[in-house]
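Each remark here refers to the structure printed beneath this line.
Order of the sequence lines fixes the chain letters, A, B, ..., with proteins taken first and strands second; residue numbering starts at 1 for each chain.
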Number of protein chains: 2
Amino acid sequence: MKTTLKKRETMHMLCLKGLELFHNKGFYNTSLDDILNELSLSKGAFYHHFKSKEDFFINIVQNLVVQKVYALLVEPLHTQDNPLHVIVDSLERALEPSKGNEMAYGFMLNDFLTEFNKRNKEIHRYLKDILNVWEVNLISVLKKGKLDGHIARHVDCEGVATYIISSYLGMRSLLMDNSNEGQLKYQYIQQLKQYCKVLSEQESLA
Amino acid sequence: MKTTLKKRETMHMLCLKGLELFHNKGFYNTSLDDILNELSLSKGAFYHHFKSKEDFFINIVQNLVVQKVYALLVEPLHTQDNPLHVIVDSLERALEPSKGNEMAYGFMLNDFLTEFNKRNKEIHRYLKDILNVWEVNLISVLKKGKLDGHIARHVDCEGVATYIISSYLGMRSLLMDNSNEGQLKYQYIQQLKQYCKVLSEQESLA
DNA sequence: ATCAAAACCGACCAAGAGGTCGGTTTAATG
DNA sequence: CATTAAACCGACCTCTTGGTCGGTTTTGAT
(Lines give C-alpha, C1' and ligand atoms only; values in the text may rest on other atoms or scores of the structure.)
Protein backbone atom coordinates (compact mmCIF):
# COMPACT_ATOMS: atom_id res chain seq x y z
CA MET A 1 0.00 0.00 0.00
CA LYS A 2 2.59 2.50 1.09
CA THR A 3 4.74 1.14 -1.68
CA THR A 4 2.18 2.07 -4.26
CA LEU A 5 1.88 5.49 -2.71
CA LYS A 6 5.58 6.11 -2.89
CA LYS A 7 5.62 5.00 -6.48
CA ARG A 8 2.78 7.32 -7.39
CA GLU A 9 4.34 10.14 -5.48
CA THR A 10 7.65 9.89 -7.29
CA MET A 11 5.96 9.50 -10.63
CA HIS A 12 3.85 12.53 -9.91
CA MET A 13 6.86 14.62 -8.97
CA LEU A 14 8.57 13.58 -12.16
CA CYS A 15 5.54 14.37 -14.26
CA LEU A 16 5.05 17.79 -12.73
CA LYS A 17 8.65 18.79 -13.11
CA GLY A 18 8.77 17.21 -16.55
CA LEU A 19 5.80 19.20 -17.76
CA GLU A 20 7.27 22.36 -16.32
CA LEU A 21 10.56 21.95 -18.12
CA PHE A 22 9.10 20.57 -21.33
CA HIS A 23 6.79 23.54 -21.37
CA ASN A 24 9.56 26.02 -20.73
CA LYS A 25 12.26 24.57 -22.93
CA GLY A 26 10.54 22.11 -25.24
CA PHE A 27 10.51 18.34 -25.08
CA TYR A 28 13.50 17.59 -27.25
CA ASN A 29 15.46 20.45 -25.78
CA THR A 30 15.07 19.14 -22.26
CA SER A 31 17.27 16.26 -21.21
CA LEU A 32 16.30 13.71 -18.62
CA ASP A 33 19.20 14.91 -16.51
CA ASP A 34 17.70 18.39 -16.51
CA ILE A 35 14.65 16.98 -14.82
CA LEU A 36 16.45 14.46 -12.65
CA ASN A 37 18.94 16.97 -11.30
CA GLU A 38 16.25 19.33 -10.16
CA LEU A 39 14.56 16.54 -8.29
CA SER A 40 17.79 14.95 -7.05
CA LEU A 41 16.81 11.69 -8.64
CA SER A 42 18.78 9.34 -10.83
CA LYS A 43 18.42 7.67 -14.17
CA GLY A 44 17.71 4.48 -12.34
CA ALA A 45 14.72 5.97 -10.60
CA PHE A 46 13.36 7.32 -13.83
CA TYR A 47 13.62 4.13 -15.79
CA HIS A 48 12.19 2.20 -12.90
CA HIS A 49 8.93 4.07 -13.44
CA PHE A 50 8.88 4.85 -17.15
CA LYS A 51 10.05 2.79 -20.03
CA SER A 52 11.22 5.69 -22.18
CA LYS A 53 11.26 9.45 -22.40
CA GLU A 54 8.35 9.39 -24.80
CA ASP A 55 6.37 7.00 -22.67
CA PHE A 56 6.99 9.50 -19.90
CA PHE A 57 5.52 12.29 -21.95
CA ILE A 58 2.44 10.30 -22.87
CA ASN A 59 1.96 9.80 -19.16
CA ILE A 60 2.17 13.53 -18.63
CA VAL A 61 -0.32 14.22 -21.37
CA GLN A 62 -2.83 11.77 -20.03
CA ASN A 63 -2.47 12.78 -16.43
CA LEU A 64 -1.92 16.51 -16.58
CA VAL A 65 -2.50 18.07 -19.95
CA VAL A 66 -5.89 16.51 -20.51
CA GLN A 67 -7.13 17.70 -17.15
CA LYS A 68 -5.98 21.26 -17.72
CA VAL A 69 -7.58 21.49 -21.11
CA TYR A 70 -10.81 20.15 -19.71
CA ALA A 71 -10.77 22.51 -16.77
CA LEU A 72 -9.87 25.56 -18.82
CA LEU A 73 -11.58 25.06 -22.15
CA VAL A 74 -14.21 22.34 -21.99
CA GLU A 75 -16.00 22.43 -18.69
CA PRO A 76 -16.56 26.20 -18.67
CA LEU A 77 -18.58 25.76 -21.85
CA HIS A 78 -21.37 23.85 -20.24
CA THR A 79 -23.32 26.58 -18.59
CA GLN A 80 -26.89 27.49 -19.24
CA ASP A 81 -25.89 30.80 -20.68
CA ASN A 82 -25.48 32.39 -24.07
CA PRO A 83 -22.82 30.22 -25.71
CA LEU A 84 -21.09 33.17 -27.28
CA HIS A 85 -20.55 34.79 -23.90
CA VAL A 86 -19.47 31.51 -22.42
CA ILE A 87 -16.92 30.92 -25.15
CA VAL A 88 -15.45 34.39 -24.95
CA ASP A 89 -15.21 34.16 -21.18
CA SER A 90 -13.52 30.78 -21.25
CA LEU A 91 -10.94 31.97 -23.77
CA GLU A 92 -10.34 35.13 -21.82
CA ARG A 93 -9.71 33.11 -18.71
CA ALA A 94 -7.58 30.61 -20.57
CA LEU A 95 -5.34 33.44 -21.70
CA GLU A 96 -4.84 34.74 -18.19
CA PRO A 97 -1.31 34.33 -16.85
CA SER A 98 -3.08 31.88 -14.57
CA LYS A 99 -3.80 32.35 -10.94
CA GLY A 100 -0.97 31.79 -8.55
CA ASN A 101 2.31 30.62 -9.98
CA GLU A 102 0.92 28.03 -12.32
CA MET A 103 2.10 28.25 -15.84
CA ALA A 104 -0.16 29.13 -18.68
CA TYR A 105 -1.41 25.62 -19.31
CA GLY A 106 -3.80 26.75 -21.95
CA PHE A 107 -0.99 27.60 -24.26
CA MET A 108 1.13 24.56 -24.37
CA LEU A 109 -1.07 22.56 -26.68
CA ASN A 110 0.04 24.50 -29.73
CA ASP A 111 3.71 24.27 -28.86
CA PHE A 112 3.60 20.56 -28.30
CA LEU A 113 1.51 19.96 -31.39
CA THR A 114 4.08 21.75 -33.49
CA GLU A 115 7.01 20.08 -31.83
CA PHE A 116 5.73 16.54 -32.17
CA ASN A 117 4.20 16.98 -35.59
CA LYS A 118 7.40 16.17 -37.42
CA ARG A 119 8.88 13.93 -34.77
CA ASN A 120 6.46 11.53 -33.20
CA LYS A 121 3.19 10.78 -34.87
CA GLU A 122 1.85 8.81 -31.92
CA ILE A 123 2.24 11.65 -29.46
CA HIS A 124 1.00 14.08 -32.02
CA ARG A 125 -2.17 12.06 -32.28
CA TYR A 126 -2.70 12.10 -28.53
CA LEU A 127 -2.49 15.87 -28.58
CA LYS A 128 -4.69 16.16 -31.61
CA ASP A 129 -7.30 14.04 -29.88
CA ILE A 130 -7.40 16.51 -27.04
CA LEU A 131 -7.98 19.30 -29.50
CA ASN A 132 -10.78 17.26 -31.02
CA VAL A 133 -12.52 16.93 -27.70
CA TRP A 134 -12.48 20.67 -27.38
CA GLU A 135 -13.76 21.07 -30.90
CA VAL A 136 -16.61 18.62 -30.38
CA ASN A 137 -17.69 20.41 -27.25
CA LEU A 138 -17.50 23.77 -28.94
CA ILE A 139 -19.67 22.58 -31.78
CA SER A 140 -22.22 21.02 -29.50
CA VAL A 141 -22.52 24.16 -27.42
CA LEU A 142 -22.87 26.28 -30.54
CA LYS A 143 -25.59 24.06 -31.91
CA LYS A 144 -27.44 24.19 -28.67
CA GLY A 145 -27.18 27.96 -28.80
CA LYS A 146 -28.81 27.88 -32.18
CA LEU A 147 -31.78 26.01 -30.78
CA ASP A 148 -32.00 28.39 -27.85
CA GLY A 149 -32.14 31.35 -30.16
CA HIS A 150 -28.80 32.85 -29.20
CA ILE A 151 -27.12 32.10 -32.48
CA ALA A 152 -28.32 32.90 -35.96
CA ARG A 153 -29.66 30.06 -38.07
CA HIS A 154 -27.30 30.65 -40.96
CA VAL A 155 -24.21 29.99 -38.84
CA ASP A 156 -21.94 27.06 -39.72
CA CYS A 157 -21.11 25.75 -36.26
CA GLU A 158 -18.27 23.51 -37.41
CA GLY A 159 -16.69 26.38 -39.25
CA VAL A 160 -17.02 28.67 -36.26
CA ALA A 161 -15.35 26.11 -34.03
CA THR A 162 -12.47 25.77 -36.48
CA TYR A 163 -12.05 29.51 -36.67
CA ILE A 164 -12.10 29.99 -32.92
CA ILE A 165 -9.62 27.20 -32.34
CA SER A 166 -7.24 28.44 -35.00
CA SER A 167 -7.24 31.96 -33.66
CA TYR A 168 -6.67 30.70 -30.14
CA LEU A 169 -3.78 28.50 -31.21
CA GLY A 170 -2.28 31.30 -33.21
CA MET A 171 -2.26 33.56 -30.18
CA ARG A 172 0.37 31.28 -28.76
CA SER A 173 2.86 32.14 -31.43
CA LEU A 174 2.22 35.81 -30.91
CA LEU A 175 2.41 35.65 -27.15
CA MET A 176 5.60 33.64 -27.05
CA ASP A 177 7.87 36.48 -26.30
CA ASN A 178 6.27 38.34 -23.45
CA SER A 179 6.31 41.75 -25.05
CA ASN A 180 2.91 43.43 -25.25
CA GLU A 181 1.30 40.44 -23.66
CA GLY A 182 -1.50 42.42 -22.12
CA GLN A 183 -2.24 44.39 -25.23
CA LEU A 184 -2.32 41.35 -27.47
CA LYS A 185 -4.78 39.57 -25.23
CA TYR A 186 -6.99 42.63 -25.08
CA GLN A 187 -6.97 43.00 -28.85
CA TYR A 188 -7.72 39.36 -29.32
CA ILE A 189 -10.71 39.32 -26.98
CA GLN A 190 -12.08 42.52 -28.45
CA GLN A 191 -11.98 41.19 -31.98
CA LEU A 192 -13.37 37.87 -30.87
CA LYS A 193 -16.35 39.77 -29.51
CA GLN A 194 -16.72 41.61 -32.80
CA TYR A 195 -16.71 38.31 -34.60
CA CYS A 196 -19.37 36.98 -32.27
CA LYS A 197 -21.66 39.79 -33.31
CA VAL A 198 -22.02 38.25 -36.74
CA LEU A 199 -22.99 34.98 -35.15
CA SER A 200 -25.59 36.29 -32.78
CA GLU A 201 -29.27 36.22 -33.61
CA GLN A 202 -29.81 39.96 -33.49
CA GLU A 203 -27.38 40.78 -36.26
CA SER A 204 -28.42 38.12 -38.72
CA LEU A 205 -29.74 40.25 -41.50
CA ALA A 206 -27.33 38.75 -44.00
CA MET B 1 34.12 36.31 -61.31
CA LYS B 2 33.29 32.72 -62.09
CA THR B 3 34.54 31.92 -58.63
CA THR B 4 31.91 34.11 -57.08
CA LEU B 5 29.28 32.51 -59.24
CA LYS B 6 30.23 29.02 -58.19
CA LYS B 7 30.18 30.06 -54.58
CA ARG B 8 26.74 31.57 -54.91
CA GLU B 9 25.49 28.59 -56.79
CA THR B 10 26.58 26.12 -54.16
CA MET B 11 25.28 28.30 -51.39
CA HIS B 12 21.98 28.61 -53.16
CA MET B 13 21.69 24.85 -53.60
CA LEU B 14 22.41 24.37 -49.93
CA CYS B 15 19.87 26.96 -48.89
CA LEU B 16 17.13 25.54 -51.07
CA LYS B 17 17.67 22.01 -49.90
CA GLY B 18 18.11 23.20 -46.35
CA LEU B 19 14.83 25.05 -46.35
CA GLU B 20 13.11 22.06 -47.87
CA LEU B 21 14.33 19.68 -45.20
CA PHE B 22 14.02 22.10 -42.31
CA HIS B 23 10.49 22.74 -43.41
CA ASN B 24 9.66 19.07 -43.67
CA LYS B 25 11.43 17.76 -40.61
CA GLY B 26 12.22 20.77 -38.47
CA PHE B 27 15.53 22.54 -37.99
CA TYR B 28 16.84 20.63 -35.00
CA ASN B 29 15.57 17.35 -36.35
CA THR B 30 17.51 17.75 -39.57
CA SER B 31 21.21 17.05 -39.47
CA LEU B 32 23.73 18.64 -41.74
CA ASP B 33 24.48 15.23 -43.18
CA ASP B 34 20.84 14.87 -44.17
CA ILE B 35 21.25 17.91 -46.36
CA LEU B 36 24.78 17.18 -47.50
CA ASN B 37 24.03 13.63 -48.55
CA GLU B 38 21.17 14.68 -50.76
CA LEU B 39 23.42 17.13 -52.51
CA SER B 40 26.49 14.88 -52.51
CA LEU B 41 28.45 17.52 -50.70
CA SER B 42 30.71 17.27 -47.68
CA LYS B 43 31.07 18.88 -44.33
CA GLY B 44 34.04 20.72 -45.69
CA ALA B 45 32.01 22.33 -48.42
CA PHE B 46 29.36 23.38 -45.97
CA TYR B 47 31.70 24.97 -43.47
CA HIS B 48 33.57 26.65 -46.26
CA HIS B 49 30.46 28.71 -46.97
CA PHE B 50 28.73 28.99 -43.60
CA LYS B 51 30.19 29.40 -40.20
CA SER B 52 27.59 27.36 -38.35
CA LYS B 53 24.28 25.61 -38.78
CA GLU B 54 22.46 28.54 -37.29
CA ASP B 55 24.29 31.06 -39.44
CA PHE B 56 23.15 28.89 -42.33
CA PHE B 57 19.55 29.19 -41.27
CA ILE B 58 19.74 32.93 -40.89
CA ASN B 59 21.00 33.01 -44.44
CA ILE B 60 18.00 30.98 -45.53
CA VAL B 61 15.61 33.26 -43.73
CA GLN B 62 17.07 36.38 -45.25
CA ASN B 63 17.32 35.02 -48.76
CA LEU B 64 14.28 32.82 -49.10
CA VAL B 65 11.75 33.13 -46.32
CA VAL B 66 11.53 36.90 -46.41
CA GLN B 67 10.89 36.86 -50.14
CA LYS B 68 8.15 34.31 -49.89
CA VAL B 69 6.35 36.12 -47.14
CA TYR B 70 6.53 39.33 -49.11
CA ALA B 71 5.28 37.72 -52.27
CA LEU B 72 2.48 35.83 -50.60
CA LEU B 73 1.29 38.10 -47.82
CA VAL B 74 2.61 41.63 -48.21
CA GLU B 75 2.65 42.60 -51.87
CA PRO B 76 -0.85 41.33 -52.64
CA LEU B 77 -2.16 43.79 -50.08
CA HIS B 78 -1.23 46.85 -52.04
CA THR B 79 -3.96 46.99 -54.58
CA GLN B 80 -6.44 49.77 -55.09
CA ASP B 81 -9.27 47.60 -53.99
CA ASN B 82 -11.39 47.08 -50.92
CA PRO B 83 -8.83 46.04 -48.29
CA LEU B 84 -11.12 43.42 -46.84
CA HIS B 85 -11.39 41.65 -50.16
CA VAL B 86 -7.70 41.99 -50.73
CA ILE B 87 -6.86 40.49 -47.36
CA VAL B 88 -9.20 37.57 -47.72
CA ASP B 89 -7.88 36.85 -51.19
CA SER B 90 -4.27 36.97 -50.12
CA LEU B 91 -4.90 34.59 -47.25
CA GLU B 92 -6.86 32.26 -49.44
CA ARG B 93 -4.01 32.16 -51.89
CA ALA B 94 -1.45 31.78 -49.12
CA LEU B 95 -3.28 28.69 -47.92
CA GLU B 96 -3.24 27.07 -51.34
CA PRO B 97 -1.05 23.97 -51.60
CA SER B 98 0.97 26.27 -53.84
CA LYS B 99 1.19 26.10 -57.56
CA GLY B 100 3.49 23.48 -58.98
CA ASN B 101 5.51 21.43 -56.57
CA GLU B 102 6.57 24.21 -54.27
CA MET B 103 5.97 23.65 -50.64
CA ALA B 104 3.47 25.67 -48.71
CA TYR B 105 5.82 28.47 -47.89
CA GLY B 106 3.12 30.49 -46.26
CA PHE B 107 2.94 28.03 -43.46
CA MET B 108 6.42 27.66 -42.23
CA LEU B 109 6.61 30.87 -40.30
CA ASN B 110 4.57 29.50 -37.44
CA ASP B 111 6.55 26.27 -37.23
CA PHE B 112 9.86 28.02 -37.18
CA LEU B 113 8.67 30.60 -34.71
CA THR B 114 7.62 27.89 -32.31
CA GLU B 115 10.75 25.84 -32.83
CA PHE B 116 13.17 28.68 -32.24
CA ASN B 117 11.25 30.38 -29.50
CA LYS B 118 12.80 28.27 -26.76
CA ARG B 119 16.07 27.59 -28.50
CA ASN B 120 17.57 30.56 -30.22
CA LYS B 121 16.40 34.03 -29.41
CA GLU B 122 18.34 35.63 -32.24
CA ILE B 123 16.72 33.56 -34.94
CA HIS B 124 13.39 33.91 -33.24
CA ARG B 125 13.76 37.64 -33.52
CA TYR B 126 14.51 37.48 -37.23
CA LEU B 127 11.33 35.55 -37.74
CA LYS B 128 9.33 37.82 -35.51
CA ASP B 129 10.55 40.80 -37.50
CA ILE B 130 9.14 39.27 -40.64
CA LEU B 131 5.81 38.88 -38.92
CA ASN B 132 5.99 42.50 -37.90
CA VAL B 133 6.45 43.62 -41.46
CA TRP B 134 3.31 41.78 -42.38
CA GLU B 135 1.49 43.31 -39.43
CA VAL B 136 2.57 46.83 -40.29
CA ASN B 137 1.40 46.42 -43.84
CA LEU B 138 -1.90 44.96 -42.75
CA ILE B 139 -2.52 47.86 -40.43
CA SER B 140 -1.62 50.45 -43.02
CA VAL B 141 -3.92 48.90 -45.59
CA LEU B 142 -6.72 48.72 -43.07
CA LYS B 143 -6.31 52.34 -42.13
CA LYS B 144 -6.33 53.36 -45.74
CA GLY B 145 -9.52 51.39 -46.14
CA LYS B 146 -11.04 53.40 -43.37
CA LEU B 147 -10.27 56.63 -45.16
CA ASP B 148 -11.65 55.26 -48.41
CA GLY B 149 -14.90 54.36 -46.73
CA HIS B 150 -14.54 50.61 -47.01
CA ILE B 151 -14.08 50.02 -43.32
CA ALA B 152 -16.20 51.27 -40.48
CA ARG B 153 -14.85 54.09 -38.35
CA HIS B 154 -15.16 52.23 -35.06
CA VAL B 155 -12.73 49.52 -36.15
CA ASP B 156 -9.47 49.04 -34.23
CA CYS B 157 -7.06 48.38 -37.07
CA GLU B 158 -4.25 47.14 -34.87
CA GLY B 159 -6.59 44.71 -33.16
CA VAL B 160 -7.91 43.45 -36.46
CA ALA B 161 -4.40 42.83 -37.71
CA THR B 162 -3.56 40.89 -34.57
CA TYR B 163 -6.69 38.82 -34.88
CA ILE B 164 -6.13 38.01 -38.53
CA ILE B 165 -2.52 37.05 -37.96
CA SER B 166 -3.31 34.85 -35.01
CA SER B 167 -6.02 32.98 -36.86
CA TYR B 168 -3.73 32.52 -39.84
CA LEU B 169 -0.89 31.19 -37.70
CA GLY B 170 -3.25 28.90 -35.85
CA MET B 171 -4.39 27.33 -39.08
CA ARG B 172 -0.94 25.87 -39.36
CA SER B 173 -1.37 23.74 -36.31
CA LEU B 174 -4.68 22.52 -37.57
CA LEU B 175 -3.47 21.79 -41.06
CA MET B 176 -0.36 19.96 -39.97
CA ASP B 177 -1.70 16.51 -40.57
CA ASN B 178 -3.19 16.59 -44.00
CA SER B 179 -6.57 15.25 -43.02
CA ASN B 180 -9.48 17.46 -44.00
CA GLU B 181 -7.14 19.99 -45.48
CA GLY B 182 -9.63 21.25 -48.00
CA GLN B 183 -12.48 21.46 -45.56
CA LEU B 184 -10.45 23.33 -42.96
CA LYS B 185 -9.34 25.92 -45.45
CA TYR B 186 -12.87 26.39 -46.68
CA GLN B 187 -14.20 26.83 -43.17
CA TYR B 188 -11.46 29.26 -42.33
CA ILE B 189 -12.04 31.49 -45.34
CA GLN B 190 -15.79 31.43 -44.84
CA GLN B 191 -15.53 32.55 -41.25
CA LEU B 192 -12.95 35.13 -42.12
CA LYS B 193 -15.46 36.60 -44.52
CA GLN B 194 -18.09 36.60 -41.79
CA TYR B 195 -15.70 38.42 -39.53
CA CYS B 196 -15.04 40.98 -42.24
CA LYS B 197 -18.71 41.82 -42.32
CA VAL B 198 -18.43 43.42 -38.91
CA LEU B 199 -15.57 45.53 -40.14
CA SER B 200 -17.16 46.80 -43.30
CA GLU B 201 -18.86 50.15 -43.48
CA GLN B 202 -22.32 48.85 -44.32
CA GLU B 203 -22.73 46.83 -41.17
CA SER B 204 -21.50 49.40 -38.71
CA LEU B 205 -24.64 50.04 -36.72
CA ALA B 206 -22.94 49.19 -33.47
C1' DA C 1 51.93 25.26 -68.32
C1' DT C 2 52.18 27.34 -63.73
C1' DC C 3 50.64 28.61 -59.53
C1' DA C 4 47.90 30.42 -55.98
C1' DA C 5 43.49 30.75 -54.16
C1' DA C 6 39.03 29.01 -53.82
C1' DA C 7 36.24 25.00 -53.34
C1' DC C 8 35.80 20.75 -51.55
C1' DC C 9 36.76 16.20 -49.12
C1' DG C 10 36.16 13.08 -45.21
C1' DA C 11 38.31 11.14 -41.15
C1' DC C 12 38.22 12.63 -36.73
C1' DC C 13 36.92 14.97 -32.29
C1' DA C 14 34.10 16.28 -28.29
C1' DA C 15 29.84 16.81 -26.20
C1' DG C 16 25.40 15.53 -25.16
C1' DA C 17 21.62 12.45 -24.95
C1' DG C 18 18.79 8.27 -24.17
C1' DG C 19 19.07 4.05 -22.27
C1' DT C 20 21.27 -0.19 -19.51
C1' DC C 21 22.48 -2.77 -15.63
C1' DG C 22 24.62 -4.65 -11.56
C1' DG C 23 24.62 -3.18 -7.15
C1' DT C 24 22.77 -0.64 -2.85
C1' DT C 25 19.29 1.38 0.09
C1' DT C 26 14.69 1.51 1.99
C1' DA C 27 10.77 -0.20 4.05
C1' DA C 28 6.87 -3.28 4.80
C1' DT C 29 5.96 -7.97 6.60
C1' DG C 30 6.18 -12.05 9.39
C1' DC D 1 15.46 -9.26 13.47
C1' DA D 2 15.36 -11.37 8.98
C1' DT D 3 13.67 -11.36 4.49
C1' DT D 4 12.33 -9.75 0.23
C1' DA D 5 10.83 -6.85 -3.21
C1' DA D 6 10.36 -2.27 -4.59
C1' DA D 7 12.80 1.98 -5.11
C1' DC D 8 16.79 4.04 -6.27
C1' DC D 9 21.80 4.91 -7.57
C1' DG D 10 25.33 6.15 -10.96
C1' DA D 11 28.98 4.49 -13.88
C1' DC D 12 28.95 3.11 -18.37
C1' DC D 13 27.50 2.21 -23.20
C1' DT D 14 26.11 3.68 -27.78
C1' DC D 15 24.66 6.65 -31.08
C1' DT D 16 24.04 11.11 -33.08
C1' DT D 17 25.56 15.52 -34.32
C1' DG D 18 27.81 19.96 -34.88
C1' DG D 19 32.12 21.30 -35.79
C1' DT D 20 37.50 20.94 -37.04
C1' DC D 21 41.36 20.51 -39.93
C1' DG D 22 45.02 18.85 -42.80
C1' DG D 23 45.03 17.50 -47.22
C1' DT D 24 43.30 17.25 -52.24
C1' DT D 25 41.05 18.86 -56.39
C1' DT D 26 39.27 22.70 -59.39
C1' DT D 27 39.63 26.78 -61.36
C1' DG D 28 41.01 31.06 -63.38
C1' DA D 29 44.54 34.46 -64.24
C1' DT D 30 49.21 35.09 -65.99
If we ignore angles and hydrogens, is there a donor and acceptor under 3.5 Å between the side chains of [X] and [Y]?
X: B:Asn59; Y: B:Asn63; result: yes
X: A:Asn110; Y: B:Ser173; result: yes
X: B:Gln191; Y: A:Tyr195; result: yes

Separation of atom [atom1] in [X] from atom [atom2] in [N], rounded to whole Å:
X: B:Phe46; N: D:dG18; atom1: CZ; atom2: C1'; answer: 9 Å
X: A:Lys7; N: C:dT25; atom1: NZ; atom2: P; answer: 22 Å
X: A:Ile35; N: C:dG16; atom1: CD1; atom2: P; answer: 17 Å
X: A:Glu54; N: C:dA17; atom1: CD; atom2: C1'; answer: 13 Å
X: A:Phe57; N: C:dG18; atom1: CZ; atom2: P; answer: 14 Å
X: B:Leu14; N: C:dA7; atom1: CG; atom2: C1'; answer: 12 Å
X: B:Asp33; N: D:dG18; atom1: CG; atom2: P; answer: 8 Å
X: B:Phe27; N: D:dT16; atom1: CZ; atom2: P; answer: 19 Å

Give the nucleotide from the list [options] with an atom nearest to the side chain of [X].
X: A:Ser31; options: D:dG18, C:dC9, C:dG18; result: C:dG18
X: B:Ser42; options: D:dG19, C:dC9, D:dC8; result: C:dC9
X: A:Lys53; options: D:dA7, C:dG18, D:dG18; result: C:dG18
X: A:Leu32; options: D:dC8, D:dG18, C:dG18; result: C:dG18

Q: Check whether any side-chain nitrogen or oxygen of B:Thr10 sits under 4.0 Å from OP1 or OP2 of C:dC8, and answer yes or no.
A: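 Checking B:Thr10 against C:dC8: at least one side-chain N or O falls below 4.0 Å of OP1 or OP2.
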
Q. OP1, OP2 of D:dA7 versus side-chain N and O of A:His48: anything below 4.0 Å?
A.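 True: A:His48 side-chain N/O within range (under 4.0 Å) of D:dA7 OP1/OP2.
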
Review item, nucleotides 11-14 of chain D N/O atoms under 3.5 Å of protein N/O:
none

Q. What ring-ring contact (aromatic ring centres under 6.0 Å, His included) pairs are there with at least one residue in residues 122-144 of chain B, not counting sequence neighbours?
A.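 Sorted pair list: B:Trp134-B:Tyr168.
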
Counting only pairs under 3.5 Å, give me each side-chain donor-acceptor contact of residues 158-166 of chain B, with atom names and distances, residues two or more places apart or in other chains.
residue  : atom : partner  : partner atom : Å
B:Glu158 : OE2  : B:Lys143 : NZ           : 3.1
B:Thr162 : OG1  : A:Gln187 : OE1          : 2.7
B:Thr162 : OG1  : B:Glu158 : O            : 3.1
B:Ser166 : OG   : A:Ser167 : O            : 3.4
B:Ser166 : OG   : B:Tyr163 : O            : 3.1

Q: Go through the steps for B:Lys185 and B:Glu181 under the test salt bridge (charged side-chain N to carboxylate O under 4.0 Å, His left out), then give the verdict.
A: CA-CA 6 Å; B:Lys185 286 178 191 170; B:Glu181 205 175 304; 3.1 Å; yes

Q) So, is the end of the B:Lys53 side chain (NZ or CZ) under 6.0 Å from the ring centre of B:Phe27 and within 45° of the ring's axis? A)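 The answer is yes, since B:Lys53 meets both limits relative to B:Phe27.
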
